[in-house]
Amino acid sequence: MDIVLSGIRPTGNLHLGNYYGAVRSFVKMQNEYNSFFFIADWHSLTTHPRPQDIQQSARTILAEYLACGLDPEKATIYVQSDVPETIELYLYLNMNTYIGELGRVTTFKEKARQQPDNVNAGLFTYPTLMAADILQHRAKFVPVGKDQEQNMEMARKCARRFNNIYQTELFPEPQNFYFGNEALKVPGLDGSGKMGKSEGNCIYLCDDEKVVRKKVMRAVTDNGPQEMNSPKPDVIQNLFTLLHIVSDEETYKYFDEKWNDCTLRYGDLKKQLAEDMVRTLNPIRERIEEYKSNTELLDKIARMGADKARESAAATLREVRKIIGFRVY
Ligand code: ADP
Ligand code: TRP
């Protein structure tokens, strides 16, 4: 069975963008692939989080993964820092990766601009740690957003180069994977392109009904349709895209027609959008609360995931050590 792997950094709660863009695909994939889904807590160290926040945020994302429907019986769900084998592979991959190519990664350049006082080596080698995450399980498919394209290219380079240097076929070249053919981009409510933590425009899975309604009602709009059948400006298109994602087709059509014949009232559209978001989010939020209050269960699930992930990674590392010329015990 083909192997799928993906991870999310625990830098805050999951939002609708993470859900529709990533986690919902994970949930579908766990039925069809040998899947590994993890929490990339080592990667989050590049921005120096406080120790007390690290365990807490890993547990939060784990609870959110489970609440969305990830099933520890079907997929291997684990925390990156529970699998030390990753670091050994990270070290080997770093030996074959050149500073020139790491320096050209746009996410690195961007981060270096955002945090000029903290351009650390971890940030620089972020792509090789990501490659180690993937290659340790010899994953073939990686469901991630478009923004990860360059990191994925580096992961493929790492696989190819290792195979070439040692004349082996150990690592398959991992491919980006979009569950529904193309990457889904969930827009923000502020008229900006994408919903994202750093954009500060998110509806979080843990937001309660009141908060969701308030955020939706405050979404940016304009002064309404002026001409029959006119194209929608970006801010309005965003609302329609969201409606398309959370509502049924009939509802979407109803509001689309209203737009086209210039009778649309944004208040009605927002009310419907909020209603449908609340309907999707309520059961998820309730399950998040349940899982979060059961830290014993969360820790048990994380331990189980770590055991499975370590077993898989250790098998690869045994091969890697042999290939490189190290002793294998
Ligand atoms: P954020 O942008 O909030 O920091 P991340 O960059 O950590 O989120 O992304 C985690 C995962 O969620 C990635 O696979 C990414 O592609 C996906 N994702 C994040 N925001 C969106 C969005 N607005 N639409 C679709 N997918 C998204
Ligand atoms: N870089 C990814 C992000 O920011 C998170 C991540 C780390 C990841 N390691 C990975 C994703 C391995 C897929 C595979 O979203």
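Side-chain contact annotation: D268 with Q272, donor-acceptor N/O pair under 3.5 Å absent. Between the side chains of S192 and N201, at least one donor-acceptor pair of N or O atoms lies under 3.5 Å. Side-chain atoms of T86 and Q136 include a donor-acceptor pair closer than 3.5 Å. At a cut-off of 3.5 Å, with distance as the only test, a side-chain donor of S81 or D41 sits close to an acceptor on the other residue. Between the side chains of S230 and Q226, not a single donor N or O lies within less than 3.5 Å of an accepting N or O. Side chains of S44 and R9: a donor-acceptor N/O pair is absent below 3.5 angstrom, by distance only. Checked by atom type, the side-chain pair Y126/T107 shows no donor-acceptor distance below 3.5 Å. Judged by distance alone, the side chains of N163 and T168 never bring a donor and an acceptor atom under 3.5 Å apart. Defined by atom type and a distance below 3.5 Å, a donor-acceptor pair is present between the side-chain atoms of D248 and T251. No hydrogens or angles considered: a donor-acceptor pair under 3.5 Å links the side chains of Q150 and T106. In the model, Q148 has no side-chain atom that pairs as donor or acceptor with a side-chain atom of N176 under 3.5 Å. Residues Q80 and D133 have side chains that bring a donor and an acceptor to within less than 3.5 angstrom of each other.
The side-chain heavy atoms of Y266 and I236, taken from C-beta on, include a pair separated by under 4.5 Å. Residues E110 and Q115 fail the side-chain proximity criterion, which asks for heavy atoms closer than 4.5 Å. The side-chain heavy atoms of L205 and C68, taken from C-beta on, include a pair separated by under 4.5 Å. Using a 4.5 Å heavy-atom threshold, the side chains of K292 and R59 count as separate. With a 4.5 Å cut-off on side-chain heavy atoms, E286 and E289 do not count as touching. Counting heavy atoms from C-beta on, the side chains of I77 and S35 never come closer than 4.5 Å. When side chains are defined from C-beta on, Y92 counts as touching L317, because their heavy atoms get closer than 4.5 Å. Side chains of I245 and V186 form a contact here, defined as non-hydrogen atoms less than 4.5 Å apart.
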Inset, instruction - Under the side chain to side chain donor-acceptor pair (under 3.5 Å) rule, what do N94 and T128 come out as? Steps first, then yes or no, please. - result: CA-CA 6 Å; N94 272 332; T128 47; 2.6 Å; yes
Legend entry - Full working for ring-ring contact (aromatic ring centres under 6.0 Å, His included) between F255 and F240: CA-CA 8 Å; F255 285 103; F240 272 89; 7.3 Å; no
Legend entry - Step-by-step side chain to side chain donor-acceptor pair (under 3.5 Å) determination, N164 to R161: CA-CA 5 Å; N164 276 339; R161 202 166 283 160; over 6 Å; no
Inset, instruction - With ring-ring contact (aromatic ring centres under 6.0 Å, His included) as the test, would you mind laying out the steps for F124 and F108 before giving the verdict? - result: CA-CA 6 Å; F124 192 62; F108 170 71; 5.0 Å; yes
Inset, instruction - Could you walk me through whether S312 and T76 pass side chain to side chain contact (heavy atoms under 4.5 Å, CB included), step by step? - result: CA-CA 10 Å; S312 156; T76 301; over 6 Å; no
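Within a 6.0 Å radius of CZ in R265, other residues, nucleotides and ligands contribute 12 heavy atoms or fewer. No more than 12 heavy atoms of other residues, nucleotides or ligands sit less than 6.0 Å from atom CD of E249. No more than 12 heavy atoms of other residues, nucleotides or ligands sit less than 6.0 Å from atom CD of E169. Remark: Y254 OH is loosely packed, at most 12 non-hydrogen atoms of other residues, nucleotides or ligands lying under 6.0 Å away. Residue E153 places its CD atom among more than 12 non-hydrogen atoms of other residues, nucleotides or ligands, all under 6.0 Å distant.
The aromatic rings of H137 and F36 lie parallel to each other, with less than 30° between the two planes, well short of the 60° mark. Between F37 and F26, the angle of the ring planes stays under 30°, which puts this pair in the parallel group of the 30/60° scheme.
Of the possible polar contacts, none joining the Y204 side chain to the G12 backbone as a donor-acceptor pair under 3.5 Å is found. Side chain of T60 to backbone of Q56: a donor-acceptor contact under 3.5 angstrom is found. R318 places no side-chain N or O within donor-acceptor distance of the main-chain N or O of V328, the cut-off being under 3.5 Å. A donor-acceptor pair under 3.5 Å is formed between the side chain of S293 and the backbone N or O of E290. Not a single donor-acceptor pair under 3.5 Å links the side chain of K74 to the backbone N or O of Q30. No donor-acceptor distance shorter than 3.5 angstrom exists from the side chain of E85 to the backbone of A314, with no hydrogens or angles considered. The closest donor-acceptor contact from the side chain of R156 to the backbone of P174 lies under 3.5 Å.
Between A132 and L89, the shortest heavy-atom distance links the atoms O-CD2, 3.7 Å. Between R138 and P172 the shortest heavy-atom distance is O-CG, 3.4 Å. Of all the heavy atoms in D82 and A306, the pair that sits closest is CB-CB, 3.6 Å.
H15 and Y20 have their aromatic ring centers separated by at least 6.0 angstrom.
Within the cation-pi definition used here (under 6.0 Å to the ring centroid, within 45° of the axis), K308 does not qualify as a partner of Y78.
Side-chain heavy atoms closer than 4.5 Å link hydrophobic residues (I, L, V, M, F, W, Y) into clusters, and following such links, even through other members, never connects V211 to L281. One hydrophobic cluster, built from ILVMFWY side chains closer than 4.5 Å, cannot hold both I61 and I54; they sit in different ones.
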